[in-house]
Amino acid sequence: MLFMCHQMAMKKEAVAKLKAEELRRAQSASEIPIIWILGGPGCGKGTQCAKIVEKYGFTHLSSGDLLRNEVASGSDKGRKLQEIMSTGGLVSNDEVLSLLNDAITRSKGVSKGFLIDGYPREKNQGVEFEIRVAPADLALYFECSEDTMVQRIMARAAASAVKREDDNEKTIRARLQTFRQNTNAILELYDAKTLTINAERDVDDIFLEVIQAIDCVLKKKQQKAAAQC
Ligand SMILES: Nc1ncnc2c1ncn2[C@@H]1O[C@H](COP(=O)(O)OP(=O)(O)O)[C@@H](O)[C@H]1O
């Protein structure tokens, strides 16, 4: 009995330590901007992210790339992920969030800001991210018609030397359906921090809007930091 009580107390202490560590992590991560990049496959998220990285030096973390790295490692976990990814469905959030969390932890301290690309893909992913990592400052949603997205992915696949296994018409349609099913709920929940950008325009025109939104976030963060001094 005494042994059980001791074990329970140790477990409680471990949970409290973990929570304190998560809170500490969330607080230090929230000192730099965290921006979610939303939009369907082929909407141009990658292009805009590259431009943001060039201008602001932020750390770009794509959930899809992190998952593909895991698949490429050839691990058992990677094989299971690959099965889901090739159907166009979503892998479990625990997997994605721990990959993201690890990557954020690795670059924290040296990062000027985080671009979280392709996440959240469903509403609970956003909720869990904000609890376990840090609140997002802004969500940029690149809005694009399905026809344009399909055309762009097919063109990208045709031009690319490395073929993505999920860039075939059947999986593209499934990826679009997954996107369609989940996006409205995300946009509703995060309406206050989301900027919807028409992504069917010239890359540079889109980027002008992106810059305005990010500059605004940076200004607010600076003002907040100054107020704390
Ligand atoms: N946040 C996420 N949650 C669950 N699964 C994800 C997430 N991000 C990516 N994936 C998985 O990886 C696949 C490829 O992602 P990504 O490269 O972002 O593709 P897309 O071009 O469809 O946006 C998705 O179809 C999905 O299976």
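Not measured: the values here are computed from a predicted model.
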Mind jotting down which residue pairs meet the side chain to side chain donor-acceptor pair (under 3.5 Å) criterion with at least one end in residues 174-183? Sequence neighbours excluded, please.
E146-R180, D167-R175
Residue pairs fulfilling side chain to side chain donor-acceptor pair (under 3.5 Å) with at least one residue in residues 34-55, sequence neighbours excluded:
K51-D204
Are any of the side-chain nitrogens in R201 or E209 under 4.0 Å away from the carboxylate oxygens of its partner?
yes
Applying side-chain contact (heavy atoms from CB on, under 4.5 Å) to N69 and not counting sequence neighbours gives none
Applying ring-ring contact (aromatic ring centres under 6.0 Å, His included), name anything that partners F179, two or more places apart in sequence or on another chain.
none
Under the rule for ring-ring contact (aromatic ring centres under 6.0 Å, His included), what residues qualify as partners of Y141, not counting sequence neighbours?
none
Is the backbone of K163 close enough, under 3.5 Å, to the side chain of S160 for a donor and an acceptor to pair up by distance?
no
For T105 and N101, indicate whether the former's side chain and the latter's backbone hold a donor-acceptor pair under 3.5 Å.
yes
Is there a side-chain contact between [X] and [Y], using heavy atoms and a 4.5 Å cut-off?
| X | Y | answer |
| --- | --- | --- |
| E200 | S145 | yes |
| L176 | P41 | yes |
| D166 | I172 | no |
| L99 | S63 | no |

Taking atom NZ of K193 as the centre, report whether more than 12 heavy atoms of other residues, nucleotides or ligands fall under 6.0 Å from it.
yes
Taking NZ in K219 as the centre, count heavy atoms belonging to other residues, nucleotides or ligands within less than 6.0 Å. Is the count above 12?
no
For residues L61 and A103, report the shortest heavy-atom separation together with the two atoms involved.
CD2-CB, 3.7 Å
Which other residues belong to the hydrophobic cluster containing L208, where Ile, Leu, Val, Met, Phe, Trp and Tyr are joined when side-chain heavy atoms lie under 4.5 Å apart, directly or via other members?
none
Determine, using ring centers only, whether Y119 and F129 are less than 6.0 Å apart.
yes
Checking T171 against N168: is there a side-chain donor and acceptor pair closer than 3.5 Å?
yes
Just checking, is any N or O donor in the side chain of E165 or Q82 under 3.5 Å from an acceptor N or O on the other one?
yes
May I have the step-by-step check of side-chain contact (heavy atoms from CB on, under 4.5 Å) for M154 and M149, ending in yes or no?
CA-CA 9 Å; M154 297 303 264; M149 291 195 271; over 6 Å; no
Check the hydrophobic clustering (I, L, V, M, F, W, Y; side-chain heavy atoms under 4.5 Å; chains of links allowed) and say if I34 and V53 are grouped together.
no
Single-linkage hydrophobic cluster I32~L115, side-chain heavy atoms < 4.5 angstrom
no
Rounded to the nearest 0.5 Å, the CZ atom of R79 sits from the CG atom of L81 at a distance of 11.0 Å
